[in-house]
K.L.:
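Shown below is the structure under consideration.
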Number of protein chains: 2
Amino acid sequence: MGNRKRIVEMCLDLMNEEGSRAVGTSRIADELGISPGNLYYHFKNREEIVMVIYEDLDADFRAALVEDVHAPISPERFAGFFLRTLQVAWEYRFFFGGMLHLLRRDEELAARYAGLQAWAIDTIEGILTQLIKDRSLTRPKAKTGLRSMAINLWIVWSNWIRFIQVSDPSGEVRRDHLIQGVGQLLDILAPYLDPSFEKAGRRVLTRELKKFAEEAADPAS
Amino acid sequence: MGNRKRIVEMCLDLMNEEGSRAVGTSRIADELGISPGNLYYHFKNREEIVMVIYEDLDADFRAALVEDVHAPISPERFAGFFLRTLQVAWEYRFFFGGMLHLLRRDEELAARYAGLQAWAIDTIEGILTQLIKDRSLTRPKAKTGLRSMAINLWIVWSNWIRFIQVSDPSGEVRRDHLIQGVGQLLDILAPYLDPSFEKAGRRVLTRELKKFAEEAADPAS
DNA sequence: GTCTATACATAGATAGAC
DNA sequence: GTCTATCTATGTATAGAC
């Protein structure tokens, strides 16, 4: 694998582990056993590395939210949206952790992320609208209810990992925390969901939790 | 006013404006027209300044959430909890913006904030329980529903300001954004709220919005 | 309490050899 | 494509005079 790619991956790993601020260009180079000069041959500056990573995040998130959206939306697929996107939030957790600072220092990144956020909220609203058509969701009374719901889902989604990290500073985030996050998102919608749809969605979580517990007990597989 | 206090206030202002990371000790001293040495006479290090500010935040938040909690809880008081606490989140927005980084570099701060978070979620759950006793809120079906609701309220609360900041990178956060945030929090509870209780709560927001619009139109007052 | 001067570490970035 | 060497800027913090 070329050094360019190795730099990006090391940067992502280190930043996820220690936060974006703690990771500088010299640190990345050190860790890879290459020279700072080499790193700067591949990238104009530190921002550029982060931007490359952000592009992956952006693409992964959009793919996770758009994948398999054909109507009607099954509870399994609906739970899948949440689970896949939370997985993305986990894989790029450094970004959400240090977001404000990263965006402040890079206007282009700020604009792009604002765009992703706007798109995400619209798309979530679209999914909710589809659920209403499918009769899996009751329309909220207030006109702005759907949008408000989409915003709340987005906020909880984009901050769930941080919430877990802060709750237990010395603990690590595990897959069951992600599954718990999906439950948390479902709870926002619960009062509007068709009971059997909700039940089926929750079953997916129970199944995932079981799978995780088994893997944890038997790491061989 | 003594320099110690001026340092704390300047630090808070600068960090709120530019993010905690962008503000160093030399910058604070510069801005106040005092020497770095003077700053270090008053504080052991930068962490200590942040800790002093955090202590205010902690106290202000607790006071805002506990103030005037006698049962039964009126819709006006309930809306007041949200409005006052969001005001606190706004006054110390630097902390929420750079939280993960701040907590990573200061174990004591991390422990204290984790404590505040746990207390807050418990206290919110307590308020919801009181609302159920008052018959202003319907108990959610799931056993863990109340707690989940409290967590969602907390997550949206603690990240609302950041959400607004990121939504419009070049815009400023105004009081009407805070009021919108209260609406957002109410929406999480809406399906469980007694309709007349909810209506009265919303009226508080309309009134606050009107007050803000008038003040904006007539800054003299 | 406050100042000047300075030490020290680290991070971002570049020049030029190989 | 990669290296060594180095520059520059900045931030944290201290020593010692006033």
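So you know, we letter chains A, B, ... as the sequences are listed, proteins then strands, and number each from 1. Computation of the quantities below employed the complete heavy-atom set of this structure, encompassing side-chain atoms and omitting hydrogens, waters and symmetry-equivalent molecules.
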K.L.:
Using modelled atom types only, decide if a donor and an acceptor are shared between the side chain of B:N16 and the backbone of B:E91 within a distance under 3.5 Å.
P.N.:
yes
K.L.:
For DNA chain C, find the residues of residues 40-53 of chain A with a heavy-atom distance under 4.0 Å and give them by number; none if there aren't any.
P.N.:
A:Y40, A:N45, A:R46
K.L.:
Would B:K211 and B:E214 count as a salt bridge (charged side-chain N to carboxylate O under 4.0 Å, His left out) here? Give the steps.
P.N.:
CA-CA 5 Å; B:K211 210 158 72 180; B:E214 280 164 8; over 6 Å; no
K.L.:
Mind jotting down which residue pairs meet the salt bridge (charged side-chain N to carboxylate O under 4.0 Å, His left out) criterion with at least one end in residues 156-171 of chain A? Sequence neighbours excluded, please.
P.N.:
none
K.L.:
Salt bridge between A:D176 and A:K210, side-chain N to carboxylate O under 4.0 Å?
P.N.:
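Answer for the salt bridge query: no.
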K.L.:
Which residues pass the salt bridge (Lys or Arg N to Asp or Glu O under 4.0 Å) test with B:R104, sequence neighbours left out?
P.N.:
none
K.L.:
Which of residues 12-38 of chain B sit near DNA chain C, with a heavy atom under 4.0 Å from it?
P.N.:
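Here the set is B:G33, B:I34, B:S35, B:G37, B:N38.
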K.L.:
Check ring pair (Phe, Tyr, Trp, His ring centres under 6.0 Å) between A:W157 and all other residues, then give those that pass, not counting sequence neighbours.
P.N.:
A:F61, A:F96, A:W154
K.L.:
Classify the side-chain pair A:N3/A:Y41 by whether it contains a donor and acceptor separated by less than 3.5 Å.
P.N.:
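No pair is found: no donor N or O on one side chain lies under 3.5 Å from an acceptor on the other.
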K.L.:
Under a 4.0 Å N-O cut-off, is there an ion pair linking A:R6 with A:E9?
P.N.:
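Result for this pair is no, no salt bridge flagged.
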K.L.:
Is A:D187 paired with A:R202 through a side-chain N to carboxylate O contact shorter than 4.0 Å?
P.N.:
yes
K.L.:
Of all nucleotides in DNA chain C with an atom under 4.0 Å from a non-hydrogen atom of chain A, which is the first and which the last going 5' to 3'?
P.N.:
C:dA11 to C:dT14
K.L.:
Can A:R175 and A:E215 be counted as an ion pair, charged N to O under 4.0 angstrom?
P.N.:
no
